[in-house]
Every structure is written in structure tokens, then in C-alpha cells.
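For reference, the structure discussed in these notes is given below.
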There are 2 protein chains.
Amino acid sequence: MTHQKQSMFSKSCEYGIKAMIYIASQSMLDRRVKIGEVVEHIDSPVAFTAKIVGALVKENVVQSVTGPYGGFYIDKHRMSQIMMIDIVTAIDGDSIFNGCGLGLKECDNEQPCPMHYKFVKIRADLKRMLNSTSILELAQGLESGKSILMR
Amino acid sequence: MTHQKQSMFSKSCEYGIKAMIYIASQSMLDRRVKIGEVVEHIDSPVAFTAKIVGALVKENVVQSVTGPYGGFYIDKHRMSQIMMIDIVTAIDGDSIFNGCGLGLKECDNEQPCPMHYKFVKIRADLKRMLNSTSILELAQGLESGKSILMR
DNA sequence: TTTATTTAGGATAAATTTGTCTTAAATAGA
DNA sequence: TCTATTTAAGACAAATTTATCCTAAATAAA
């Protein structure tokens with residue numbers, strides 16, 4: 001039995017986050033982008049990514065326009081209000097930062113799992129980070145060349 | 001599209017950790033335990049759990065004896081040396097605390113993903129916690145009634 | 001109005017994870 | 001030696017995640 005591929009976020013969530021950062025970086029330049037352009041810049045499968053981005057349209061994280069000259073964009077004024085926690089919660093739910101580390105449906109100070117207190121700070125830090133990180137600052141890092149979405 | 005069930009560890013890893021804690025808690029009392037008893041105390045599917053525990057036998061985390069009066073146990077003297085990171089790494093690998101949060105194969109200070117610096121501390125804290133938490137202390141918490149593995 | 005372009009959404013398939021069932025191997029005791 | 005018990009291990013199946021393909025709906029421009 002070889003080990004699994006468990007990471008912090010699901011593939012869907014990774015693609016969703018990367019897509020939002022790329023779209024935001026282009027919206028900063030007043031460019032609406034098509035899904036084909038998005039996936040070229042984040043190295044992800046197009047139809048699958050389209051579904052994830054579509055779900056984020058429904059969640060009102062990103063806007064879309066159909067037809068020629070259409071595509072996706074994020075309102076400039078909203079970028080500082082759209083937080084990573086919104087994207088992660090929409091795709092992966094809140095278990096990663098609110099759930100029990102050992103998967104107990106209920107786990108609290110009254111009846112904690114053996115790792116409960118070990119996880120309290122890690123989860124709180126993760127939640128705080130996701131809650132305070134805006135799509136704006138991540139898009140700025142990308143646009144300025146300080147960070148990358150693929151190699 | 002409803003959201004996923006992404007959590008910190010895979011189901012396999014959750015079961016593996018819980019099984020190790022239960023087995024250790026009984027080994028502290030010099031009791032060897034059968035897989036049927038394990039799953040009764042951690043609320044997990046028996047055959048599936050048996051495979052996971054079997055993999056941890058191969059990884060030398062836990063010992064097994066076949067036949068009547070057989071079962072699983074952990075050497076008392078080794079309990080303080082067996083760390084959560086050993087169990088997690090054996091089952092889920094190291095991506096959760098070593099990998100890039102956005103799934104880039106390479107991601108470092110030279111060419112960081114947009115979230116790289118946001119994750120540095122969270123990953124380090126998680127790794128440090130797993131690295132410093134022994135199966136002994138978790139089993140003691142369970143055995144003393146301070147924590148639970150199921151409701 | 002027609003055509004071309006683009007997102008929306010459904011059906012389907014592949015891959016992975018989670019789970020079950022059956023048999024083999026080991027071993028203790030009668 | 002024979003039987004019963006228990007882990008080991010393989011085949012198989014179900015559920016979930018990841019991914020593809022095709023058609024519908026929207027819309028801009030000719």
C-alpha cells in the first residue's frame with residue numbers, strides 16, 4: 001500500500017484559487033479573460049476548470065459574460081473584500097479549518113479527541129490566514145512578478 | 001455543485017491514527033488487542049482498518065501476532081519515540097506539511113506561488129506539532145479519560 | 001436574421017479513495 | 001495432527017473526485 005496524495009486543498013480548490021488569482025490579476029488591468037486563457041496560465045484541464053469557475057460565479061466570487069468578447073472578471077472594487085476563505089469554503093467546505101482533525105463529528109473541550117488541543121492553534125491560524133488574505137493582494141503579487149502560478 | 005469533504009487527513013489516516021492510539025492505550029495495560037476490538041472502539045470498517053493497521057505493521061509502527069491469542073500491540077518502551085509524523089507520513093505522505101498549498105511541484109522563495117509566504121508558518125507549525133507529539137501522550141490522554149475516540 | 005464565439009450545464013468516463021469478501025498463512029491448544 | 005483463531009493479502013465493488021465530451025443558451029457583430 002503506497003501512500004496517498006492528501007494535501008491541504010482538493011485539486012478543485014487549487015484550480016479554483018489559481019483561476020481566481022489569474023482572473024483578478026487581469027481584471028486589475030481591465031482585461032476580461034476567457035477560460036482558455038485562464039487554463040493556459042494555471043496549467044489545469046479546461047472543462048473541469050470551467051465547472052469550478054462556474055460554481056464560483058454562482059457564489060458571486062467572480063462575474064461572467066457569455067458570447068463573443070465574453071469571459072470572466074472580478075470587480076476591481078470588490079477584490080479587497082474577496083477573501084481566500086470565501087473561495088475555499090465554496091469549494092472544499094470548512095472542515096479543513098473548523099473540523100476535528102480525527103474526523104469526529106463532534107469534538108470540543110468537553111469531549112475532545114486525543115489531538116484536539118494540538119490542533120486548536122493550527123486551525124485557528126489557518127482560518128485567520130484565509131480570512132485575512134484577499135484576492136487583491138495575491139493578484140498584485142502575481143501581476144508584479146513576485147509570485148507565479150505555474151512553471 | 002456541492003462542496004467536497006476535504007479535511008486535514010484522509011479517512012485512512014484518521015482510522016490509522018485512531019487505531020494506533022487505541023492499541024497503544026491497551027498496550028500500556030499489557031493488553032494485546034484484536035482488530036475487531038480496535039474497530040469497536042474507533043468506529044471504523046473492520047477490513048479497511050485491518051489493511052491500514054497492516055501497512056503500519058510493515059512500517060514498524062505497531063507489532064502483530066497471528067493466530068489464537070494474537071492481535072496488535074506497541075512496545076511500551078517505543079511509545080514515546082513513535083511520533084504522529086511517522087503515522088501521517090506512512091499513510092498520507094508529507095504533502096500536507098511539506099507541499100505547496102496550491103499544488104505546485106516546485107515552490108520556494110525563489111519562485112513562490114502567490115500563497116507561499118502565507119503558508120510557511122502554518123506548515124511549519126503543523127510539522128512541528130506532528131513531529132513532537134508521541135503516541136504515548138495521546139494514549140495516556142485516552143486511557144485517563146481526558147479524551148475520546150468516538151461518541 | 002444569421003453566424004460565430006463564449007459560458008452553462010448535462011452525460012459520461014477515468015482515476016482514486018473507501019470499503020467488502022474470500023482465501024491463505026501463521027500459530028496456539030486439544 | 002487437527003481444529004479454531006487471528007492476521008495477511010488478494011480480488012472485487014462502491015463512492016467520490018477528477019476529467020472529458022457534447023449540446024444548449026446567451027450575445028456580439030456582420
Side-chain angles (χ1 to χ4, degrees), chain A residues 1-19 23 26 31-40 42-74 91-93 95-96 103, chain B residues 1-19 23 26 31-40 42-74 91-93 95-96 103:
Chain A
M1 181 161 83
T2 185
H3 73 237
Q4 314 215 8
K5 306 179 189 164
Q6 180 78 11
S7 47
M8 194 72 78
F9 304 129
S10 67
K11 272 279 166 222
S12 294
C13 196
E14 289 175 2
Y15 296 156
I17 293 170
K18 287 193 265 195
I23 292 168
Q26 296 306 297
R31 290 193 65 239
R32 201 183 277 169
V33 289
K34 307 185 211 325
I35 193 65
E37 179 180 338
V38 172
V39 302
E40 276 174 20
I42 72 174
D43 189 26
S44 67
V46 61
F48 189 47
T49 305
K51 299 232 154 145
I52 298 159
V53 173
L56 291 170
V57 168
K58 283 198 174 168
E59 294 286 332
N60 203 36
V61 169
V62 59
Q63 274 67 53
S64 68
V65 175
T66 57
Y69 302 86
F72 298 97
Y73 67 98
I74 297 176
I91 303 174
D92 276 355
S95 295
I96 192 77
Chain B
M1 184 158 81
T2 184
H3 74 235
Q4 315 216 7
K5 305 178 188 165
Q6 181 78 12
S7 48
M8 193 72 79
F9 303 128
S10 67
K11 273 280 165 220
S12 295
C13 197
E14 289 175 2
Y15 295 156
I17 293 170
K18 287 193 264 194
I23 293 169
Q26 297 305 297
R31 291 193 65 240
R32 201 184 275 169
V33 290
K34 307 186 212 324
I35 194 65
E37 179 180 338
V38 172
V39 303
E40 276 174 20
I42 73 174
D43 189 27
S44 67
V46 61
F48 190 46
T49 306
K51 300 229 156 152
I52 297 159
V53 173
L56 292 170
V57 168
K58 285 198 172 169
E59 294 284 332
N60 203 35
V61 169
V62 60
Q63 274 67 53
S64 69
V65 175
T66 58
Y69 302 87
F72 299 96
Y73 67 99
I74 297 176
I91 303 173
D92 275 356
S95 295
I96 192 79

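In what follows, chains carry the letters A, B, and so on, assigned in the order in which the sequence lines appear, proteins first and then strands, with residues in each chain numbered from 1. Below, each value reflects all heavy atoms present in this structure, side chains not excepted, and no hydrogens, waters or symmetry copies.
Closest of all the heavy-atom pairs between Ile91(B) and Ser10(B) is CG2-OG, 4.3 Å. For Thr49(A) against Pro45(A), the heavy-atom pair with the smallest separation is OG1-O, 2.6 Å. The heavy-atom pair separating Gly16(A) from Ile52(A) by the smallest distance is CA-CG2, 3.7 Å.
Out of dG9(C), dG19(C), dC21(D), the shortest distance to the side chain of Lys58(A) is found at dG9(C). Picking from dT18(C), dA8(C), dT17(D) the nucleotide with the shortest atom distance to the side chain of Phe72(A) gives dA8(C). Taking the side chain of Ser64(A) as heavy atoms from C-beta on, and the options dG19(C), dA4(C), dA8(C), the nearest nucleotide is dA8(C). Relative to the side chain of Pro68(B), the nucleotides dG10(D), dA8(D), dT5(D) differ in distance, and dT5(D) lies closest. Here the nucleotide nearest the side chain of Gln4(A), chosen from dA29(D), dA8(C), dT18(C), is dT18(C). Of the candidate nucleotides dT27(D), dT27(C), dG9(C), dT27(C) has the atom lying nearest to any side-chain atom of Thr66(B). Out of dT18(C), dA26(D), dG19(C), the shortest distance to the side chain of Pro45(B) is found at dG19(C). Nearest to the side chain of Ser12(B), among dT18(C), dA4(D), dA11(C), sits dT18(C).
Counting any heavy atom pair closer than 4.0 Å across all strands shown, Val53(B) reaches no nucleic acid atom. Lys5(A) comes within contact range of the sugar-phosphate backbone alone, with a heavy-atom separation under 4.0 Å but no base atom that close. Gly36(A) comes within 4.0 angstrom of nothing in the nucleic acid, heavy atoms only.
In this structure, Met1(A) atom CE and dT17(C) atom P are separated by 11 Å, rounded to whole Å. Rounded to a whole Å, the CG atom of Asp43(A) is 11 Å from the P atom of dA19(D). Distance Lys18(B) NZ to dT18(C) C1': 14 Å, rounded to the nearest Å. The interatomic distance linking Lys11(B) (NZ) with dG19(C) (P) rounds to 7 Å, in whole Å. In this structure, Phe48(B) atom CZ and dA15(D) atom P are separated by 14 Å, rounded to whole Å. Regarding Lys34(B), its NZ atom lies at a distance of 14 Å from the C1' atom of dA26(C), rounded to whole Å. Distance Ile35(B) CD1 to dT5(D) C1': 15 Å, rounded to the nearest Å. Regarding Glu59(A), its CD atom lies at a distance of 16 Å from the C1' atom of dA8(C), rounded to whole Å.
Of the possible donor and acceptor atoms, none in the side chain of Glu14(B) sits under 3.5 Å from a partner among the backbone N and O of Met8(B). Side-chain atoms of Glu37(A) never come within 3.5 Å of backbone atoms of Arg32(A) as a donor-acceptor pair (strictly under, hydrogens ignored).
At least one side-chain nitrogen or oxygen of Tyr15(A) sits closer than 4.0 Å to the OP1 or OP2 atom of dA19(D).
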Donor-acceptor list for residues 59-69 of chain B side chains, cut-off 3.5 Å, not counting sequence neighbours:
{"residue": "Asn60(B)", "atom": "OD1", "partner": "Gln63(B)", "partner atom": "NE2", "Å": "3.3"}

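Residues Gly67(A) and Lys51(B) each lie close to DNA chain D; by heavy-atom proximity, the contact nearer the 5' end of the strand is made by Lys51(B). Nearer to the 5' terminus of DNA chain C, by closest-nucleotide assignment, is the contact made by Val57(A) (compared with the other of Gln6(A) and Val57(A)).
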